[in-house]
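The model shown is predicted, which means the values in this text are computed figures rather than measured ones.
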Amino acid sequence: MAAAAAARAVSVGPGLQSLQRTLPLVVILGATGTGKSTLALQLGQRLGGEIVSADSMQVYEGLDIITNKVSAQEQRLCQHHMISFVDPLVTNYTVVDFRNKATALIEDIFARDKIPIVVGGTNYYIESLLWKVLVNAKPQEMGTEKVIDRKVELEKEDGHVLHKRLSQVDPEMAAKLHPHDKRKVARSLQVFEETGISHSEFLHRQHAEEGGGPLGGPLKFPNPCILWLHAEQTVLDERLDKRVDNMLAAGLLDELRDFHKRYNEKKVAENSQDYQHGIFQSIGFKEFHEYLITEGKCTPEIRNQLLKKGIEALKQVTKRYARKQNRWVKNRFLSSKSHCFSLCSGSAFNRTSAFSAHPKSKL
């Protein structure tokens, strides 16, 4: 296979194992709606590779339409991993869990002399596979009893109280985080409480390692090839609106009703629903909350109004999320690119390729 043979000819620099020849890790990133999954499928078929999904909602079983999972037919065309393997009632699945499982999968794909193709819109999941950027502070199971997840416990407290506590033990990290960003504040506190070392100190140590730089510690895999799919915002907005319409035509409302009755109706009745963790935070589920809980309890006119409200909210939130994804690419790659090429000489990062590809362009 010509592509694989060419890839093997790429040598690794002094930051990693010298003179080792290896296949590339292909990473496809970009905003939702730019055609990442389609490109991954085409590359997977052409290169004989396997696809590793990097989407925090697609790891869960259920809500296939709203999370935009590839179809069963597409999965048969090319091997896909990291899709629909976590129970929807699990709410404490973390990026560390993802990193550990996906890294092992990528190493196995390499061992079978194939090209791993990482694709997804959850950017911090992608970061966890590219660089050494995470701190292993999550409690592990001990025997038959699970240790309490400290981060989950911390998130139950007031955000301002947590932020004040963080400022006392890790002022550098506290200065970077807003008190309203309770999840990140709780994570930094968890790191300190469980390791005795501040989160910011951990990051400094990673950056200082051989091959480290402004974006994190050393690269986890020596020859990444990063493809960024980008579209003009007006074009993308139109495409995202149409995608929501296509989801509705594909049976989105039936999917939402079924999921609500199976997993959320009882929680709503107990006033314990949680749209901040697990699959329940999926874009498109909480936006239809009022519509779902009023079934059989209001007039058809009101139901129709709530439906329209949910559809409009879904379209607006999806477009905001796409903008957020693009900001991440620009902040984490483009704005730092020049530093990395000049400051990280000797690391593998200066062999990372970043491309801007229009979604309508042909391979």
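Side-chain contact between Leu39 and Lys36 is absent, with no heavy-atom pair separated by less than 4.5 Å. Residues Ile302 and Thr294 are not in side-chain contact: their nearest non-hydrogen atoms beyond the backbone lie 4.5 Å or more apart. Within the 4.5 Å cutoff, side-chain heavy atoms of Leu248 are placed close to those of Leu253. Counting only heavy atoms from C-beta outward, the side chains of Tyr93 and Val86 approach each other to under 4.5 Å. Put simply, the side chain of Met173 does not reach to within 4.5 Å of the side chain of Phe192, judged on heavy atoms. By the 4.5 Å heavy-atom criterion applied to side chains, Ile109 and Gln79 are not counted as neighbours. Side chains of Trp328 and Glu127 form a contact here, defined as non-hydrogen atoms less than 4.5 Å apart. Here the side chains of Lys324 and Arg320 are not in contact, with every heavy-atom distance at 4.5 Å or above.
Between Pro24 and Pro116, the closest heavy-atom pair is O-CD, 3.7 Å. In terms of heavy atoms, Leu63 sits closest to Ser282 at CD1-OG, 4.3 Å. Residues Asp87 and Glu61 share a closest heavy-atom pair of CA-OE1, 4.4 Å. Across every non-hydrogen atom of Leu236 and Ala231, the tightest pair is CB-CB, 4.3 Å. Residues Gly120 and Ile126 approach most closely at O-CD1, 3.4 Å, considering heavy atoms. The heavy-atom pair separating Lys220 from Trp131 by the smallest distance is CD-O, 3.4 Å.
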Evaluate salt bridge (Lys or Arg N to Asp or Glu O under 4.0 Å) for Asp108 paired with Arg112, printing each intermediate quantity in order.
-> CA-CA 6 Å; Asp108 176 66; Arg112 290 185 280 108; 3.0 Å; yes
Check against side chain to side chain donor-acceptor pair (under 3.5 Å), Thr22 and Asn223 | CA-CA 7 Å; Thr22 182; Asn223 293 300; 4.7 Å; no
Under the side chain to side chain contact (heavy atoms under 4.5 Å, CB included) criterion, do Tyr291 and Ile311 qualify, and how do the steps go?
-> CA-CA 10 Å; Tyr291 174 76; Ile311 294 172; over 6 Å; no
Stepwise side chain to side chain contact (heavy atoms under 4.5 Å, CB included) test for Tyr263 and Ile279 = CA-CA 10 Å; Tyr263 300 110; Ile279 195 172; over 6 Å; no
Show the numbers, then the answer: is there a side chain to side chain contact (heavy atoms under 4.5 Å, CB included) between His277 and Arg183?
-> CA-CA 10 Å; His277 296 89; Arg183 299 178 73 173; 4.2 Å; yes
Where do Leu252 and Leu314 land on the side chain to side chain contact (heavy atoms under 4.5 Å, CB included) test, with the steps shown first?
-> CA-CA 12 Å; Leu252 174 61; Leu314 173 55; 4.1 Å; yes
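If you chain together hydrophobic residues whose side chains sit under 4.5 Å apart, Met82 and Leu130 fall into the same group. Each of Leu154 and Val161 belongs to its own hydrophobic cluster when Ile, Leu, Val, Met, Phe, Trp and Tyr are linked at side-chain heavy-atom distances under 4.5 angstrom. In the hydrophobic clustering of ILVMFWY residues, with side-chain heavy atoms under 4.5 Å counting as a link, Leu29 and Leu240 come out apart. Connection of Leu43 to Leu25 is established within a shared hydrophobic cluster, with ILVMFWY side chains joined at heavy-atom distances below 4.5 Å, either directly or through further cluster members. Leu219 is connected to Leu23 through a chain of hydrophobic side-chain contacts under 4.5 Å among Ile, Leu, Val, Met, Phe, Trp and Tyr, so both are in one cluster.
The hydrophobic cluster containing Ile83, built from Ile/Leu/Val/Met/Phe/Trp/Tyr side-chain heavy atoms closer than 4.5 Å, also comprises Val70.
Applying the salt bridge (charged side-chain N to carboxylate O under 4.0 Å, His left out) test to pairs two or more places apart or on separate chains, those with a residue in residues 261-283 are Asp258-Arg262. Listed by first and then second residue, the ring-ring contact (aromatic ring centres under 6.0 Å, His included) pairs that reach into residues 98-123 are Phe98-Tyr125, Phe110-Phe221, sequence neighbours excluded. Sorted by first and then second residue, the pairs that involve residues 280-291 and meet salt bridge (charged side-chain N to carboxylate O under 4.0 Å, His left out), not counting sequence neighbours, are Glu290-Lys309. Sorted by first and then second residue, the ring-ring contact (aromatic ring centres under 6.0 Å, His included) pairs with a member in residues 165-186 read His160-His180, His178-His180; sequence neighbours excluded. Screening residues 67-77 for side chain to side chain donor-acceptor pair (under 3.5 Å) gives Asp64-Lys69, Lys69-Ser84, Ser71-Glu74 as the qualifying pairs, with residues at least two apart or on separate chains.
Residue Thr94 holds its OG1 atom at 8.5 Å from CD of Gln190, rounded to the nearest 0.5 Å. The CG atom of Asp158 sits 10.0 Å away from the CZ atom of Arg165 when rounded to the nearest 0.5 Å. To the nearest 0.5 Å, atom CD of residue Gln168 and atom CG of residue Leu189 are 9.5 Å apart. Atoms CD1 and CD, from Ile51 and Gln45 in turn, are 8.0 Å apart once rounded to the nearest 0.5 Å. Lys319 NZ to Glu238 CD: the interatomic distance, rounded to the nearest 0.5 Å, is 9.5 Å. For the atom pair NE2 (His80) and CD (Gln58), the distance works out to 9.0 Å, reported to the nearest 0.5 Å.
For the salt bridge (charged side-chain N to carboxylate O under 4.0 Å, His left out) test, residues two or more places apart in sequence or in another chain that qualify with Asp245 are Lys315. By the salt bridge (charged side-chain N to carboxylate O under 4.0 Å, His left out) test, Glu155 is found to be paired with Lys151, residues two or more places apart in sequence or in another chain being considered. Not counting sequence neighbours, the partners of Asp237 by the salt bridge (charged side-chain N to carboxylate O under 4.0 Å, His left out) test are Arg323. Residues satisfying the side chain to side chain donor-acceptor pair (under 3.5 Å) criterion with Thr32, sequence neighbours excluded, are Arg243. With sequence neighbours excluded, the residues satisfying side chain to side chain donor-acceptor pair (under 3.5 Å) with Ser56 are Thr122. Partners of Asp254 by salt bridge (charged side-chain N to carboxylate O under 4.0 Å, His left out), not counting sequence neighbours, listed by chain and number: Arg257.
A centroid separation of 6.0 Å or more is found between the aromatic rings of Phe280 and Tyr60. Aromatic ring centroids of His289 and Tyr275 lie under 6.0 Å apart.
A donor-acceptor pair under 3.5 Å is absent between the side-chain atoms of Asn264 and the main chain of Gln273, judged by distance alone. No side-chain donor-acceptor contact under 3.5 Å links Glu172 to the backbone of Ser200.
Heavy atoms from other residues, nucleotides or ligands lying under 6.0 Å from CD of Glu157 number more than 12.
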